[in-house]
Amino acid sequence: MRQSLLEKYKEHLPVTGGTPMFSMGEGATPLVKSRKIAELVGCDELYFKLEGCNPTGSFKDRGMVVAVAKAIEAGGTSLACASTGNTSASAAAYGAYCGLPTTVIVPKGNVSRGKLAQAIAYGARIMLIQGSFDLALQMVRELTERNPIVLVNSVNPNRIQGQKTASFEVVEDLGTAPDYLFIPVGNAGNITAYWLGFKEAYHNEWTSILPMMMGFQAEGAAPIVRGDVVAEPETIASAIRIGNPASWSSAIEARDESGGSIGMVSDDEIMDAYKLMANGEGLFCEPASAAGVAGLLKRSETGLSLEGKRVVCVITGSGLKDPDLANEVEPVWMEEYPPDVSVVEEALKLS
Ligand code: F0G
């Protein structure tokens with residue numbers, strides 16, 4: 001059996017003799033070489049880190065396995081989180097695996113159907129609130145301060161610890177850190193975790209360079225870019241519809257220490273990148289993941305030269321998470337035919 005994330009990286013994680021070592025198959029996700037987009041942006045070495053290949057279809061599982069293991073080690077008996085969808089799916093799954101009741105507080109009407117279906121199937125207690133993710137996070141912070149419930153949002157440092165392993169894998173696969181890392185930014189835990197991971201990889205001498213961190217928010221939910229809280233964040237990429245990121249300051253640190261930038265992309269740019277990823281690369285990601293790709297395309301169009309550079313784009317979640325949006329994409333060719341092969345043959349010859 002493949003070595004688990006907790007086992008493989010135990011020396012670099014807060015794992016002790018008392019930490020339960022379990023795995024649902026998180027981590028060890030593929031790094032796939034781009035063809036189409038690499039050509040478009042003039043970069044020979046562009047790779048996608050496919051975090052949708054984690055057990056619940058997003059990067060959250062890397063952090064969740066550590067957070068839940070540490071919760072159990074500390075005698076915790078139940079979990080809670082706020083979420084735009086993926087954290088709740090992951091918490092609910094690990095809660096179910098470990099037999100811990102899980103409560104998720106989510107913004108009503110703003111969690112995509114695939115993610116909600118997961119939380120339902122895993123048997124979480126789902127509380128829908130009339131309000132944003134930011135409000136839900138505030139509520140769950142209060143809830144877990146006042147009650148013996150473990151908070152498993154990325155404000156829990158064990159989540160960041162687990163998520164940093166994605167950087168370790170990138171360095172392991174490439175034999176070095178990339179020159180640039182493109183990544184979507186919502187609550188800003190993941191950009192924080194990647195930067196921590198790259199810095200540790202550098203200190204451990206697994207890489208002699210550090211990447212520039214290139215974060216991207218959606219235009220309607222870009223508090224870090226605008227330098228101010230967004231009271232009513234709005235974007236088609238519901239996973240990053242966040243107006244007051246919990247890890248705001250560490251995202252700025254990652255940006256500044258790495259010499260990178262945090263920019264924003266419009267919903268149209270996100271949708272263009274989302275479609276291009278699927279029909280150009282064969283990689284079906286969720287819209288929030290496409291925000292990083294949209295950022296890459298935008299930066300390249302506005303003069304960033306990627307020639308001779310090694311670039312990694314983090315594809316944070318699977319396209320199947322948001323079936324409603326997926327079904328809005330115009331099919332290339334979808335028509336009804338009679339159950340008759342010769343008619344089908346005839347039609348295909350016309351193509
Ligand atoms: N991509 C996806 C698919 C996400 O689900 C998230 C965050 C992000 C990117 C942004 O990562 O918050 O660490 O900056 N989803 C959280 C959730 C907020 O509740 O599932 P971040």
Check for a donor-acceptor pair, side chain of [X] on one end and backbone N or O of [Y] on the other, with a separation under 3.5 Å.
X	Y	answer
R226	E219	yes
S266	E269	yes
T102	A92	no
T84	A239	yes
R241	T235	yes
K164	R159	no
S258	A254	yes
S167	Y194	yes
S289	C285	no
K49	T29	yes

Are side-chain N/O atoms of [X] and [Y] paired as donor and acceptor at under 3.5 Å?
X	Y	result
T103	R125	yes
D61	T56	yes
R62	T165	yes
T316	S58	no
N54	E51	yes
N86	Q118	no

(message) Test side chain to side chain contact (heavy atoms under 4.5 Å, CB included) on V152 and M64; report intermediate values, then the result.
(response) CA-CA 7 Å; V152 292; M64 202 56 71; 3.8 Å; yes

(message) Using the side-chain hydrogen bond (donor to acceptor under 3.5 Å, both in side chains) criterion, which residues pair with S261? Sequence neighbours excluded.
(response)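 S261 satisfies side-chain hydrogen bond (donor to acceptor under 3.5 Å, both in side chains) with R299 only.
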
(message) Working note: V150 + N156, criterion side chain to side chain contact (heavy atoms under 4.5 Å, CB included); need CA distance, chi angles, decisive distance, verdict.
(response) CA-CA 9 Å; V150 181; N156 177 333; 4.3 Å; yes

May I ask you to test the [X]-[Y] pair for a side-chain heavy-atom distance under 4.5 Å?
X	Y	answer
P223	V229	no
R141	L151	yes
L306	L296	yes
I129	L135	yes
V65	F22	yes
L181	M212	no
S83	V104	no
L325	P287	yes

(request) May I ask you to say whether E330 pairs ionically with K275, meaning some side-chain N is under 4.0 Å from a carboxylate O? (result)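 The answer is no: the pair does not qualify as a salt bridge.
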
(message) Less than 4.0 angstrom from a charged side-chain N to a carboxylate O is my criterion; do R113 and D324 meet it?
(response)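 Result for this pair is yes, salt bridge flagged.
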
(request) Under the side chain to side chain contact (heavy atoms under 4.5 Å, CB included) rule, what do N244 and V230 come out as? Steps first, then yes or no, please. (result) CA-CA 7 Å; N244 188 12; V230 176; over 6 Å; no

Look at atom [atom1] of [X] and say whether more than 12 heavy atoms of other residues, nucleotides or ligands are closer to it than 6.0 Å.
X	atom1	answer
E7	CD	yes
Y202	OH	no
E336	CD	no
R2	CZ	yes

(request) May I have all residue pairs that pass ring-ring contact (aromatic ring centres under 6.0 Å, His included) and include part of residues 124-169, sequence neighbours excluded? (result) Y9-F168, H12-F168, F168-W206

(message) Test: ring-ring contact (aromatic ring centres under 6.0 Å, His included). Region: residues 55-96. Which pairs qualify, not counting sequence neighbours?
(response) none

Nearest-0.5 Å distance that lies between atom [atom1] in [X] and atom [atom2] in [Y]:
X	Y	atom1	atom2	value
I224	I191	CD1	CD1	7.5 Å
E169	K8	CD	NZ	6.0 Å
L137	T87	CG	OG1	9.5 Å
I240	E286	CD1	CD	9.0 Å
I262	I252	CD1	CD1	6.0 Å
I242	N187	CD1	CG	4.5 Å

I need the minimum non-hydrogen distance between [X] and [Y], along with the two atoms involved.
X	Y	answer
Y47	E45	OH-OE1, 2.5 Å
D134	P245	OD1-N, 4.4 Å
N158	P14	OD1-CG, 3.4 Å
A288	P184	O-CB, 3.2 Å
G162	V66	CA-CG2, 3.5 Å
P323	G114	CD-N, 3.7 Å

(message) Using the rule given for side chain to side chain contact (heavy atoms under 4.5 Å, CB included), can you reason through V329 versus Y274, listing the C-alpha separation, both sets of side-chain angles and the distance that settles it, and then say yes or no?
(response) CA-CA 10 Å; V329 176; Y274 168 80; 3.8 Å; yes

(message) Taking L174 as the starting point, is it possible to reach F48 by hopping between hydrophobic residues whose side chains are less than 4.5 Å apart?
(response) no

(message) Show every side chain to side chain donor-acceptor pair (under 3.5 Å) that has at least one partner inside residues 31-40, sequence neighbours left out.
(response)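 Residue pairs with at least one partner in residues 31-40: S34-E281.
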
(message) Using the salt bridge (Lys or Arg N to Asp or Glu O under 4.0 Å) criterion, which residues pair with E253? Sequence neighbours excluded.
(response)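 So E253 forms no salt bridge (Lys or Arg N to Asp or Glu O under 4.0 Å) with any residue.
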
(request) Kindly assign one of parallel, tilted or perpendicular to the pair F182 and Y180, based on the angle between their ring planes and the thresholds 30° and 60°. (result)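 Plane angle between 30° and 60°, so tilted.
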
Sequence neighbours excluded and cut-off under 3.5 Å, please list the side-chain donor-acceptor pairs for residues 73-80, or say none.
residue: E73; atom: OE1; partner: T19; partner atom: OG1; Å: 2.6
residue: E73; atom: OE1; partner: K70; partner atom: NZ; Å: 3.0
residue: E73; atom: OE2; partner: T16; partner atom: OG1; Å: 2.5

(message) Apply side-chain hydrogen bond (donor to acceptor under 3.5 Å, both in side chains) to residues T192 and S250 and explain how you reach the verdict.
(response) CA-CA 6 Å; T192 301; S250 52; 2.9 Å; yes

(message) If the test is side-chain contact (heavy atoms from CB on, under 4.5 Å), which one of C98, P55, S90 qualifies with M24?
(response) P55

